[in-house]
Number of protein chains: 2
Amino acid sequence: MRMNEGVEWALHCCLNLAWAGPEEAVTAARLAAFYELPTAYLNKQLQALAREGIVSSTPGPRGGFRLARLPEEITVLDVVTAIEGRDPAFQCTDIRKRTPGHGRMLGDDFRQPCLVHQTMSRADLAWRRELAGQTLADLKASIEAVAPQAPDRTRGWLLEARA
Amino acid sequence: MRMNEGVEWALHCCLNLAWAGPEEAVTAARLAAFYELPTAYLNKQLQALAREGIVSSTPGPRGGFRLARLPEEITVLDVVTAIEGRDPAFQCTDIRKRTPGHGRMLGDDFRQPCLVHQTMSRADLAWRRELAGQTLADLKASIEAVAPQAPDRTRGWLLEARA
DNA sequence: GAATAGGTACTCGGATAATGCCTGTCCGAGTCTAGTGGG
DNA sequence: CCCACTAGACTCGGACAGGCATTATCCGAGTACCTATTC
């Protein structure tokens, strides 16, 4: 079980977009150059964020991406699910129903949900709750506490190519 | 991010082994037949459980697998990590260190751990804590509460081929 | 009749292919800008 | 001098290959059991 690498990229890029501010759009190429990432592939991840309404994209010259909402309104879970999709990691195939020969021997009526499935779902829920409890603004503030120059310098570097 | 299918198999098989009892070993073929699973591949998963000391294997005639410990001493997390491995889902590649040109512009000293990484780790920890909080005995008891015949009938079916 | 040696069948165990998803790349549609020509 | 048109360049967007992990499979090593032979 390995999470997509794009999740890490997306989180860092969202932070950078937050620092860049909503006035100017930042191109995928510029964001990619910041971390030496493959441009086209990062663009793909940004498109996923756009589909989920986390960032907004504008085409053409002086186009690019910017945050579609305030950092306070974007949770880390939002970003993760935008990249990873909504499906939970554990997918119950209900193998208890595939009992040949002995049929429903177990006396288990299948209206009840699978208890293994329930256990895994609880864990998944705890994971999501933790991620949903932290917004981009929280993360941003934590970083600014240890690196006060980060906002200005990042914004400066991202927009320095602009007129 | 999709979890290995083998996790579901392993959990159900561990439950079945718990019902079979530690006296008689159950072969991989018999366990696979119970749910119509591919025998050889299930065997692979059982080997992973054996390596982690969750089940013990005995070769030869009348051989097979049995639980190596009491169900109270086996957590759901043990089974999951045996199949999935110990690595957390999110692997931080520390892309903040790959900032060409602008160097360590951010003023972030890299002795501090990456805060994105920390957030994801907290979520992973919450997930693990939830899974570690439930033992095979708990799960077994929950199922027996809704399906009282399950223990006897499962044990009977698994061992009926024996002398 | 009992014990032992050999053979046989059965089981796990690790090494070996096939499949599907993630990673990475490319080119086309749309849009804004800037330059140019005419009124 | 001002406006409109046109050409160009830039950006996102989705469609198209490559690599690696997961899925699936096979055959060999080892073990217990059963049988036959001998004392």
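Here is how names work: the chains are called A, B, and so on, in the same order as the sequence lines, proteins then strands, and each is numbered from 1.
- For the side-chain hydrogen bond (donor to acceptor under 3.5 Å, both in side chains) test, residues two or more places apart in sequence or in another chain that qualify with B:Thr119 are A:Gln134.
- Across the interface with DNA chain D, nearest-nucleotide mapping of A:Met1 and A:Phe65 shows A:Phe65 to be the residue nearer the 5′ end.
- In this structure, CD on B:Glu130 lies 8.0 Å from CZ on A:Arg129, to the nearest 0.5 angstrom.
- A close approach under 4.0 Å does not occur between any side-chain nitrogen or oxygen of B:Thr27 and OP1 or OP2 of C:dC10.
- Among the atoms of the strands shown, only primed sugar atoms or phosphate atoms (P, OP1, OP2) are found under 4.0 Å from some heavy atom of A:Ala28.
- In this structure, the ring pair (Phe, Tyr, Trp, His ring centres under 6.0 Å) partners of B:His12, at least two apart in sequence or on a different chain, are B:Tyr35.
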Anything under 3.5 Å between a protein N or O and an N or O of nucleotides 18-20 of chain D, put it in a table, one pair a line.
none

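- Looking at residues two or more places apart in sequence or on another chain, you find a salt bridge (charged side-chain N to carboxylate O under 4.0 Å, His left out) between A:Lys140 and A:Glu144.
- A:Thr81 pairs by the side-chain hydrogen bond (donor to acceptor under 3.5 Å, both in side chains) definition with nothing, not counting sequence neighbours.
- Residues B:Lys44 and A:Gln45 each lie close to DNA chain C; by heavy-atom proximity, the contact nearer the 5' end of the strand is made by B:Lys44.
- Remark: A:Arg30 is positioned above the aromatic ring of A:Trp157, its terminal NZ or CZ atom under 6.0 angstrom from the ring centre and at most 45 degrees off the axis.
- The separation between A:Asn43 atom CG and C:dT25 atom P is 13 Å, rounded to whole Å.
- When rounded to the nearest whole Å, the span between CZ of B:Arg30 and P of C:dT11 equals 11 Å.
- Residues of residues 46-54 of chain B having a heavy atom closer than 4.0 Å to DNA chain D: none are found.
- D:dA21 atom P lies 12 Å from atom CD of A:Glu5, rounded to whole Å.
- Separating the CD1 atom of A:Ile83 from the P atom of C:dC21 is a distance of 18 Å, rounded to the nearest angstrom.
- With rounding to whole Å, A:Met3 atom CE is found 17 Å from D:dA21 atom C1'.
- Listed by chain and residue number, B:Trp9 satisfy the ring pair (Phe, Tyr, Trp, His ring centres under 6.0 Å) test with B:Tyr41 (two or more places apart in sequence, or in another chain).
- For the OP1/OP2 pair of D:dG13 and a distance below 4.0 Å, the side-chain nitrogens and oxygens of A:Ser57 include at least one atom meeting the criterion.
- As rounded to whole Å, 9 Å separates atom C1' of C:dG24 from atom CH2 of A:Trp9.
- Tested against B:Val26, the residues B:Val55, B:Leu46, B:Leu158, B:Asn16 include a single side chain to side chain contact (heavy atoms under 4.5 Å, CB included) partner, B:Leu158.
- Look at B:Tyr41 and you won't find any side-chain N or O under 4.0 angstrom from OP1 or OP2 of D:dT25.
- Looking at residues two or more places apart in sequence or on another chain, you find a salt bridge (charged side-chain N to carboxylate O under 4.0 Å, His left out) between B:Arg69 and B:Asp78.
- A straight line from CG of A:Leu42 to C1' of C:dT25 spans 14 Å, rounded to a whole angstrom.
- Residues forming a salt bridge (charged side-chain N to carboxylate O under 4.0 Å, His left out) with A:Arg66 (at least two apart in sequence, or on another chain): none.
- Residues forming a salt bridge (charged side-chain N to carboxylate O under 4.0 Å, His left out) with A:Asp94 (at least two apart in sequence, or on another chain): A:Arg96, A:Lys97.
- In this structure, the nucleotide among C:dC26, C:dC12, D:dT22 sitting nearest to the side chain of A:Ala40 is C:dC26.
- Sequence neighbours left out, the pairs with a member in residues 47-60 of chain A that pass salt bridge (charged side-chain N to carboxylate O under 4.0 Å, His left out) are A:Glu52-A:Arg86.
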Dump every N/O contact between nucleotides 27-35 of chain C and the protein below 3.5 Å, one line per pair.
none

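- If you measure from atom CG of B:Asn4 to atom C1' of C:dC22, you get 15 Å, rounded to the nearest angstrom.
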